[in-house]
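Note sheet for the following structure.
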Number of protein chains: 2
Amino acid sequence: MRLTRAGEYGIRCVLHLARHGRGTLVSRKEIAARTDVPAHFLAKIAQQLARAGIIEIMQGANGGYRLLADPSEISLLSVIEAVIGEISLNDCVTRPGSCHNSATCAIHRVWGKANRELRDTLRGTNFAAMAAEESCCLTSFPETGAGRRDDSDEARP
Amino acid sequence: MRLTRAGEYGIRCVLHLARHGRGTLVSRKEIAARTDVPAHFLAKIAQQLARAGIIEIMQGANGGYRLLADPSEISLLSVIEAVIGEISLNDCVTRPGSCHNSATCAIHRVWGKANRELRDTLRGTNFAAMAAEESCCLTSFPETGAGRRDDSDEARP
DNA sequence: CGATATAAGACTAAAAATATCTTATATATC
DNA sequence: GATATATAAGATATTTTTAGTCTTATATCG
């Protein structure tokens, strides 16, 4: 019952883009280095964000990722669920049929409520608000030290 | 981000005991059969419930498990956390130090809030209430068909 | 065309969840 | 006390999920 690494990485990615503002193209390499996410792993996560319509991916030289919507219109929930699928605290909640009779089940009702509350809270948070504040899970925007890792794709001669 | 099977089993076990009422001794075998939980797995889960002070385990012939408190005083939260540990939607929430500066982190704050709400909801539900209602995740108390599996420990000759 | 990006999916490794098995211990009953 | 019946406790195994990497292909700029 915890956020997966992939979900966390997705948040970092969008937060980094949010700090650049909507529409600004940022290379995968830069995002990976600044947010401390393995570049190849980021590629997979970005594809999911793109499918969900949150970012746009530009291929080719000088390619990268950009936000499609204004940070204020992107909720924490949408980013998380784009990466890890719909939040479900208990299978019983999202997959009726995994139980005999979820309509009348007391346990089911509690989990349903908890699940709804959780999603509402995450839906109520947008990336403009988060970008404005500090964040511990992300190296700050105009960092000097830059990434300590070189996670580029290419092998240099 | 979902309840583990072990947590679910723990709930079923306590719910079954709650339907018998506080103090009534029920054999592991019966609980396992009625709640459709593997008997050996149930043993491990019961040990955790016992350590948390929720049930008492009686060894020996005619042994079994019994509730130590009244069902109305046992919260869903206490049972779940006895089995799967403290609920943490994000490592960042329960393990300060996994981030640089969680005190001022925007992401952290949201997860903290969501985590608190979730725990409050689960804390607000007790087993007397649930035992009174129907439940899909558990074969009903005076079931006729009984368990379809024989999960006893002993090999018969 | 060639250099530089990302795409996409196969593949591998590590971790966690889910059991199961084995040996030991406790208790009631005969 | 001996025996049958329970659970205790921990080692081991299996399965699933998560996490990360590698390889080949494709797109774009200059």
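A, B, ... follow the sequence lines: proteins, then strands. Residue 1 opens every chain.
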Just by modelled atom types, is the [Y] backbone N or O under 3.5 Å from a matching donor or acceptor in the [X] side chain?
{"X": "D70(B)", "Y": "E73(B)", "answer": "no"}
{"X": "R12(A)", "Y": "T35(A)", "answer": "yes"}
{"X": "T121(B)", "Y": "E117(B)", "answer": "yes"}

Could you check which of [options] has an atom nearest any side-chain atom of [X]?
{"X": "Y65(A)", "options": "dA19(D), dT6(C), dT21(D)", "result": "dT6(C)"}
{"X": "H40(A)", "options": "dT29(C), dT22(C), dT21(D)", "result": "dT21(D)"}
{"X": "Q47(A)", "options": "dA19(C), dA7(C), dT7(D)", "result": "dA7(C)"}
{"X": "I57(B)", "options": "dT7(D), dA19(D), dT6(C)", "result": "dT7(D)"}
{"X": "T4(A)", "options": "dT6(C), dT18(C), dA19(D)", "result": "dA19(D)"}
{"X": "A61(A)", "options": "dA3(C), dG20(D), dA7(C)", "result": "dA3(C)"}

[X] has an atom [atom1]; how far is it from atom [atom2] of [N], in whole Å?
{"X": "R5(A)", "N": "dA15(C)", "atom1": "CZ", "atom2": "P", "result": "10 Å"}
{"X": "E56(A)", "N": "dA7(C)", "atom1": "CD", "atom2": "C1'", "result": "15 Å"}
{"X": "L42(B)", "N": "dA6(D)", "atom1": "CG", "atom2": "P", "result": "15 Å"}
{"X": "F41(B)", "N": "dA9(D)", "atom1": "CZ", "atom2": "C1'", "result": "15 Å"}
{"X": "L3(B)", "N": "dT17(D)", "atom1": "CG", "atom2": "P", "result": "15 Å"}
{"X": "R28(A)", "N": "dT21(D)", "atom1": "CZ", "atom2": "P", "result": "12 Å"}
{"X": "E8(B)", "N": "dA17(C)", "atom1": "CD", "atom2": "C1'", "result": "15 Å"}
{"X": "K29(A)", "N": "dA3(C)", "atom1": "NZ", "atom2": "C1'", "result": "12 Å"}

Let me check something: do V14(A) and V26(A) share a hydrophobic cluster, defined by ILVMFWY side-chain heavy atoms less than 4.5 Å apart, either directly or through other members?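 Same hydrophobic cluster.
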I57(A), I54(A): one ILVMFWY side-chain cluster at the under-4.5 Å cut-off? yes
If you assign each of K44(B) and G60(A) to its closest nucleotide in DNA chain D, which residue comes earlier from the 5' end?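 Nearest nucleotide further toward 5': that of K44(B).
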Closest-nucleotide ordering on DNA chain D, the 5'-leading residue of Y9(A) and M58(A): Y9(A)
Indicate, with a heavy-atom threshold strictly under 4.0 Å, whether A46(A) touches base, sugar-phosphate, or nothing. nothing
